[in-house]
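Just follow the structure's listing: the first ligand is 1, and inside any ligand the first atom is 1.
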Amino acid sequence: MTQAWPAHLFMVGCGNMAGQMLARWLACGLDPARATVLRPSGRAVADGVQVVTDYPASLPAQAMVMLGMKPYQLDDVAVSLAPLCTADTRIVSILAGTPVADLRQRFPAVRDVIRAMPNLPVALGQGVTGLYADRDVSPSARSAVDAIIKPLGAAEWIEDEGQFNALTALSGCGPAFLFRFIDAFSRAGEAIGLSRDQAARMALATVQGSANLAAQADESPATLADRVASPGGMTREGLNILDADNRLLNLLSDTLAAARDRGEEIARAR
Ligand SMILES: NC(=O)C1=CN([C@@H]2O[C@H](COP(=O)(O)OP(=O)(O)OC[C@H]3O[C@@H](n4cnc5c(N)ncnc54)[C@H](OP(=O)(O)O)[C@@H]3O)[C@@H](O)[C@H]2O)C=CC1
Ligand SMILES: O=C(O)[C@@H]1CCC=N1
């Protein structure tokens, strides 16, 4: 099936996250002439993509607007952007902790408002993007968003917006937690006697190989862990440390809950 692109993509903000999305879309065939980026620095993003530092007089017809700035900038952005939006504008927001109701309040002319929560591996087409649309969003807008998210990796729609901060904690923030894990794994290897460089290489390759294996395996990660652990062997002793009083599970549950709760705070502070 051929890739369907929006008539025009207007990106408000194009930093760490939105920049990776755009790079992937361009690599997958988005015509750069069909994308405009608004960013205060005016820094170029890619050959052929127009970068502006101020809002145009109007948006192209049937524009898909992607909100990719920081959540606290929503009010400032809406003052200039909302008057340009018409009934055929579609808004996709990647702002953390920003419910659809807050977006609808600021963009009353727009029917199709969709929340998306990507993560950094979208750059490789191996991201996870969580998605939510309320009942007012048209089926064609859902399809258009599905189409543009597909080149980025997996898409996970949720029915209940109340889960959006949990989804964000798991997959949106998740890469940071896993990068931290890889770093700690490598430093732990160094602590038991390996050289820093070798421990770093081995930690990363072990995580990468294990993730790939888990993705292809018929068994669950829990079963695979037991496969590595020979009875009376070395791995079991290590697993006993992670499993004692559910230490690892509790640590990760606390980590995700803290991230999720921050999303709730961001929404309340608005
Ligand atoms: N980082 C991540 O892994 C993820 C981030 N997100 C969400 O993405 C959004 C952006 O985060 P991130 O990319 O990390 O942040 P960055 O700081 O890297 O990017 C922010 C972007 O917003 C632009 N910007 C700043 N001020 C304004 C303004 N007043 N109007 C319009 N654009 C403005 C910046 O412009 P300039 O480039 O000129 O400085 C920059 O391009 C957040 O809402 C976050 O919740 C979602 C999922 C994952
Ligand atoms: O830290 C943040 O708020 C954003 C949301 C997901 C990843 N980064």
#### Entry: Same apolar cluster (I L V M F W Y, side chains within < 4.5 Å links), Leu59/Met66
no
### Query
Under a 4.5 Å cut-off applied to non-hydrogen side-chain atoms, are Thr98 and Phe164 in contact?
no
### Query
Any link between Val145 and Val137 through a network of hydrophobic side chains (Ile, Leu, Val, Met, Phe, Trp, Tyr) touching at under 4.5 Å?
yes
### Query
Regarding Asp88 and Thr86, is there a side-chain donor-to-acceptor distance under 3.5 Å anywhere?
yes
### Task
Please indicate, with yes or no, if any protein heavy atom is found under 4.0 Å from atom 2 (C) of ligand 2?
no
#### Entry: Nearest non-hydrogen protein atom, atom 20 (C) of ligand 1
Gly68 O, 4.1 Å
### Summary
closest protein heavy atom to atom 11 (O) of ligand 1 is Lys70 NZ, 3.8 Å
### Query
Which heavy atom of the protein is the closest neighbour of atom 46 (C) of ligand 1, given with residue, atom name and distance?
Met117 SD, 3.4 Å
### Task
Check step by step if salt bridge (charged side-chain N to carboxylate O under 4.0 Å, His left out) holds for Glu265 and Arg262.
CA-CA 5 Å; Glu265 274 176 22; Arg262 177 62 189 144; 2.9 Å; yes
### Task
Ignoring hydrogens and angles, state whether a donor on the side chain of Thr223 or Ser220 is under 3.5 Å from an acceptor on the partner side chain.
yes
### Query
Which atoms of ligand 2 are found less than 4.0 Å from any heavy atom of Ala96?
3 (O), 5 (C)
### Query
Which atoms of ligand 1 have any heavy atom of Val12 under 4.0 Å away?
31 (C)
### Query
What protein heavy atom is closest to atom 33 (C) of ligand 1, reported as residue, atom name and distance in Å?
Pro40 CD, 3.4 Å
### Query
Is there a heavy atom in Leu38 that sits closer than 4.0 Å to ligand 1?
yes
## Note on the structure
The answer for which part of Leu120 has a heavy atom under 4.0 Å from ligand 1 is side chain
### Task
Of the side chain and backbone of Met17, name the one, both, or neither that has a heavy atom under 4.0 Å from an atom of ligand 1.
both
### Task
Let me know which of Ile241, Leu239, Asp245 forms a side-chain contact (heavy atoms from CB on, under 4.5 Å) with Asp243.
Leu239
### Task
Show which atoms of ligand 1 fall inside a sub-4.0 Å distance from at least one heavy-atom site of Ile94.
6 (N), 7 (C), 8 (O), 43 (O), 44 (C), 45 (O), 46 (C)
### Task
List the closest protein heavy-atom neighbour of atom 25 (C) of ligand 1: residue, atom name, distance to the nearest 0.1 Å.
Gln73 NE2, 3.3 Å
### Query
At the 4.0 Å heavy-atom cut-off, does Val77 count as touching ligand 1?
yes
### Query
Of all the non-hydrogen atoms in the protein, which one sits nearest to atom 45 (O) of ligand 1, and at what distance?
Ala96 N, 3.1 Å
### ligand 1 atoms in contact with Ser41 (distance to a heavy atom under 4.0 Å)
36 (P), 37 (O), 38 (O)
### Query
Which residue holds the protein heavy atom closest to atom 23 (C) of ligand 1, what is that atom called, and what is the gap in Å?
Gly13 CA, 3.7 Å
### Query
Out of Leu103, Val92, Leu131, Ile94, which one pairs with Arg115 under the side-chain contact (heavy atoms from CB on, under 4.5 Å) rule?
Leu103
### Query
Just going by heavy-atom distances, which of Arg39, Gln20, Met69, Met21 is nearest to atom 43 (O) of ligand 1?
Met69
### Query
CG/Leu30 to CG/Leu22 distance, rounded to the nearest 0.5 angstrom?
7.0 Å
### Message
Is there a continuous path of hydrophobic side-chain contacts, each under 4.5 Å between heavy atoms, that joins Val65 to Val37?
### Response
no
### Message
Using a strict threshold of under 4.0 Å (side-chain N to carboxylate O), is an ion pair present between Asp136 and Arg111?
### Response
no
### Query
Taking only heavy atoms of Gly172, which atoms of ligand 2 are found under 4.0 Å from at least one of them?
6 (C), 7 (C)
